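Quick caveat: nothing in here was measured; it's all calculated off a predicted structure.
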Amino acid sequence: MAGTAATGGLPAGLLVRAVGPRPDLWPTAIRAGLSLAPRGWWRRPPFLPLPAEDWLRFRTVTAYGGAPAAAAGRLRPEDVVTWLEWRRDFPS
């Protein structure tokens, strides 16, 4: 998938389309990214707080079903926004 290496398997464009126009979700997205980042993320390239690819693959398969590659291709910007809104409204 193009543009996924720097985002832990998520398409970078999808994240920008989902969160870019929603400044009210920026703080939630930052907190979520940091909470999902593996320990010591700053020691390994690409030096960004990104979720582990295994975890991301597991979550997309459990959310969408099917093969891991097919599930990752089903992720939509609306899904990211819905999850971030849920996380903001129910932080614990």
Check your understanding: Is there a path of hydrophobic side-chain contacts, each under 4.5 Å between heavy atoms of I, L, V, M, F, W or Y residues, that connects L36 with F90?
Key -> yes

Exercise for review: Look at the side-chain heavy atoms of Ile, Leu, Val, Met, Phe, Trp and Tyr, link any pair under 4.5 Å apart, and say whether L14 and I30 land in one connected group.
Suggested key: no

Check your understanding: Under a 4.5 Å cut-off applied to non-hydrogen side-chain atoms, are D79 and Y64 in contact?
Key -> yes

Check your understanding: Is T62 close to R59 at the side-chain level, that is, under 4.5 Å between some pair of heavy atoms?
Key -> yes

Practice item. Supply the atom-to-atom distance R76 CZ to T82 OG1, rounded to the nearest 0.5 angstrom. Key: 8.0 Å

Practice item. Write down the atom of W41, the atom of L34, and the distance for their closest heavy-atom approach. Key: CZ2-CD2, 4.4 Å

Revision key, fill the gap. CH2 (W86) and OG1 (T28) are apart, to the nearest 0.5 Å, by 12.0 Å

Review point. Does a side chain donor of either R87 or S35 reach within less than 3.5 Å of an acceptor in the other side chain?
Key: yes

**Study point:** A52 versus P38, closest heavy-atom pair with distance
**Key:** N-CD, 4.3 Å

**Study point:** Option from V80, V81, L84 for which side chain to side chain contact (heavy atoms under 4.5 Å, CB included) with R22 holds
**Key:** V81

Exercise for review: Check for a donor-acceptor pair, side chain of W26 on one end and backbone N or O of V19 on the other, with a separation under 3.5 Å.
Suggested key: yes

**Study point:** Residue pair W42 / F47: nearest heavy atoms and the distance that separates them
**Key:** O-CD2, 3.1 Å

